[in-house]
Participant: 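The structure follows.
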There are 2 protein chains.
Amino acid sequence: MSPTKPPAQPRRRMPRAEREAQILVVAEQVFAERGYQATTMEDVAERVGVTKPLIYEYFGSKEGLLSACIVSARGQLRDATERSWAAVGDDAELIDIFRAGVRAFFDFIDQHRNAFLLIQQEGVMAAQTSPLIESIREQQSAATAATLGAAPGLSSVPPEVLEGYAEVIVGACERIAVWRGRRPDVTAADATELVVATVWSGLASQLTTS
Amino acid sequence: MSPTKPPAQPRRRMPRAEREAQILVVAEQVFAERGYQATTMEDVAERVGVTKPLIYEYFGSKEGLLSACIVSARGQLRDATERSWAAVGDDAELIDIFRAGVRAFFDFIDQHRNAFLLIQQEGVMAAQTSPLIESIREQQSAATAATLGAAPGLSSVPPEVLEGYAEVIVGACERIAVWRGRRPDVTAADATELVVATVWSGLASQLTTS
DNA sequence: GGGCCTAACTTACCATGAGTAAGTTAGATG
DNA sequence: CATCTAACTTACTCATGGTAAGTTAGGCCC
């Protein structure tokens, strides 16, 4: 009858963490819709139901807000990728691990278009903020490289070469994702096959020659 | 003795085309140095030795100026690439044409770091301006695809697949170029070999299976 | 060489939106 | 129920993108 917290009318005040999360979600949407430039802090504040200075208190600046959004989006992407690797199992063939990772990427993009549009906004950031973002991006490549390196056949390949391969893969995937924007007939599966077909034999040759 | 035009003291007024070119050069520098956000129109104007409204008259807006810079930079890049293809000759082996194009890209980046940093700013552009930029980017891929398609062995490959390959190549190159920023020991030649090694066998398999 | 006409350029301004200082109040805690 | 803090607001500033309305250099024709 009398629940301790009837959330009928929304609480006006929220604990900081919760509010921050909410702001991030809204900001991600608005940035993706309008682009960074065209988005105003008051747009975001209004849609959250809060005023500007609160956002400034929590995120420091407009760039800080975008930065937080990107970190979050990248995090989601990394989680999705790792989940798919876990699902396929450690002892699977390398090509299947590889394919699963690539596929996870394209599926993620399909389901989180906002996050992806956001990630493409990275270039906006000034030289000071870039390192943070670049380090997140690096993570993606590093994770890919690590996964490749963990495979039995590739353990003898020098790590810096692995890193190079990982960068190629990540770059190819991102570009193809953009390309799919203007070629809607290309499915996630098609895109995956395309990337795998292009890059796999290069990787495979490392397997055999070592 | 009395040269017709002693350029001792710089001409105050310049024909529009010349001034535009000068502004583009300066803007490219400033954008690359400070990033789009941090660059103010007055920074650019001042360094040109001119006032804001002139730039607005010639380029319409800050975004218009960036846009013009990017178009110019992309154009330079495309020219460099095509020049390298011309140098290698039409009848060369496909792998040599391919390698030459990739190499031209990395060499260009080395010699025009500004232009490259600029190109990475593309994401800044709002939805309205993007199509123009995206079309330029598309050109790069289209040119790559066309070159691949012109090769004897690949003429039977469907054009949309070629386009996909081209996108993969372009994406890989751009990403590796960024990567080289934090790994200065990787030379242009190394980068070229990396990309070629990764992507070539995928292309080659299309050659043999057709 | 002198008047005129246009395109190159400037001065002086507005409007918007990022960022902030100084409060105000909800609501948890004792 | 008093108090105290963290959540939040009001009311500003200031930089900068953008523009309206001039001003002048200098080519050109007589």
Side-chain angles (χ1 to χ4, degrees), chain A residues 2-24 26-27 30-31 33-69 121 124-126 128-129, chain B residues 3-27 30-31 33-69 121 124-126 128-129:
Chain A
S2 67
T4 351
K5 268 185 182 178
Q9 56 206 0
R11 236 176 329 167
R12 287 194 125 79
R13 298 196 168 196
M14 275 169 139
R16 174 168 182 155
E18 199 174 337
R19 190 60 99 187
E20 275 182 353
Q22 187 200 6
I23 292 171
L24 273 185
V26 171
V30 182
F31 278 139
E33 269 171 34
R34 306 227 242 271
Y36 179 76
Q37 288 292 319
T39 299
T40 137
M41 290 302 259
E42 261 174 19
D43 282 347
V44 177
E46 200 177 357
R47 265 164 75 166
V48 172
V50 128
T51 52
K52 259 197 315 176
L54 192 71
I55 302 188
Y56 277 96
E57 176 140 355
Y58 289 170
F59 296 95
S61 70
K62 190 181 177 184
E63 229 182 77
L65 181 58
L66 176 64
S67 189
C69 285
Q121 299 271 334
V124 174
M125 234 87 62
Q128 280 83 7
T129 330
Chain B
T4 350
K5 267 183 183 176
Q9 56 206 2
R11 231 177 334 163
R12 289 193 126 77
R13 299 196 168 196
M14 273 171 142
R16 174 166 180 157
E18 200 174 336
R19 191 62 98 188
E20 275 181 353
Q22 187 199 7
I23 292 171
L24 274 185
V25 170
V26 171
V30 182
F31 279 139
E33 268 171 33
R34 309 228 241 272
Y36 179 76
Q37 287 294 317
T39 300
T40 144
M41 289 303 259
E42 261 174 20
D43 283 346
V44 177
E46 201 177 357
R47 264 163 75 166
V48 173
V50 127
T51 51
K52 259 197 313 176
L54 192 71
I55 303 189
Y56 277 97
E57 176 140 354
Y58 289 169
F59 296 95
S61 70
K62 190 181 177 185
E63 230 182 74
L65 181 58
L66 175 63
S67 190
C69 286
Q121 298 273 335
V124 172
M125 234 87 62
Q128 278 84 8
T129 331

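Predicted model, so just to flag it, every value in this text is computed and none were measured. Here is the naming used below: chain letters follow the sequence lines, and residue numbers restart at 1 for every chain.
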Participant: Could you pull out all residues at least two apart from E46(B) that satisfy side-chain contact (heavy atoms from CB on, under 4.5 Å)?
Facilitator: none
Participant: In residues 41-51 of chain B, which ones come under 4.0 Å of DNA chain C, going by heavy atoms?
Facilitator: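 Heavy-atom contacts with DNA chain C come from V50(B), T51(B).
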Participant: Any carboxylate oxygen within less than 4.0 angstrom of a Lys/Arg side-chain nitrogen, looking at R47(B) and E33(B)?
Facilitator: yes
Participant: It should be established whether T40(A) places a side-chain nitrogen or oxygen under 4.0 Å from OP1 or OP2 of nucleotide dA18(C).
Facilitator: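 So the side chain of T40(A) is within the cut-off, an N or O lying under 4.0 Å from OP1 or OP2 of dA18(C).
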Participant: Can you check the L54(B) CG to dT6(C) P distance for me, whole Å?
Facilitator: 19 Å
Participant: Counting the atoms with a prime plus P, OP1 and OP2 as sugar-phosphate, which does F59(B) contact under 4.0 Å by heavy atoms, base, sugar-phosphate, or nothing?
Facilitator: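 No contact at all - F59(B) keeps every heavy atom at 4.0 Å or more from the nucleic acid.
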Participant: Y58(B) side chain: which of dT10(D), dC8(D), dC9(C) is closest?
Facilitator: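 Comparing dT10(D), dC8(D), dC9(C) against the side chain of Y58(B), the answer is dC9(C).
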Participant: Mind checking what makes side-chain contact (heavy atoms from CB on, under 4.5 Å) contact with E42(B), not counting sequence neighbours?
Facilitator: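 Once residues adjacent in sequence are excluded, the partners of E42(B) under the side-chain contact (heavy atoms from CB on, under 4.5 Å) criterion are T40(B), K52(B).
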Participant: For residues 35-60 of chain A, which residue pairs qualify under ring-ring contact (aromatic ring centres under 6.0 Å, His included), counting only residues two or more places apart or in two chains?
Facilitator: F31(A)-Y36(A)
Participant: Distance criterion of 3.5 Å, no angle test: do you see the side chain of K62(A) paired donor-to-acceptor with the base of dG19(C)?
Facilitator: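 No pair found.
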Participant: Please list, pair by pair, any protein nitrogen or oxygen found under 3.5 Å from a nitrogen or oxygen in nucleotides 22-25 of chain D.
Facilitator:
unit_1: dT24(D); atom_1: O2; unit_2: R13(B); atom_2: NH1; d: 2.9
unit_1: dT24(D); atom_1: O2; unit_2: R13(B); atom_2: NH2; d: 2.9
unit_1: dA25(D); atom_1: O4'; unit_2: R13(B); atom_2: NE; d: 3.2

Participant: Given dC9(C), dT19(D), dC8(D), which nucleotide is nearest the side-chain atoms of R19(B)?
Facilitator: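 Nearest to the side-chain atoms of R19(B), counting from C-beta on, is dC9(C).
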Participant: Using a 4.5 Å cut-off on heavy atoms from C-beta on, say whether the side chain of L65(B) contacts that of M41(B).
Facilitator: yes
Participant: Ignoring backbone atoms, test whether Y56(A) places a side-chain nitrogen or oxygen under 4.0 Å from the OP1 or OP2 oxygen of dT20(C).
Facilitator: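 Looking at the OP1 and OP2 atoms of dT20(C), neither is under 4.0 Å from any side-chain N or O of Y56(A).
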Participant: Flag the pair R19(A) / L54(A) as yes when at least one side-chain heavy-atom distance between them is below 4.5 Å, and no otherwise.
Facilitator: yes
Participant: Return the value, rounded to whole Å, for the distance between atom CD of E57(B) and atom P of dA20(D).
Facilitator: 11 Å
Participant: Please evaluate the base of dG17(C) for a donor-acceptor partner in the side chain of K52(A) within a cut-off of under 3.5 Å?
Facilitator: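 Per atom types, no contact qualifies.
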Participant: Please name all residues satisfying side-chain hydrogen bond (donor to acceptor under 3.5 Å, both in side chains) with R16(A), sequence neighbours left out, ordered by chain then number.
Facilitator: E20(A)
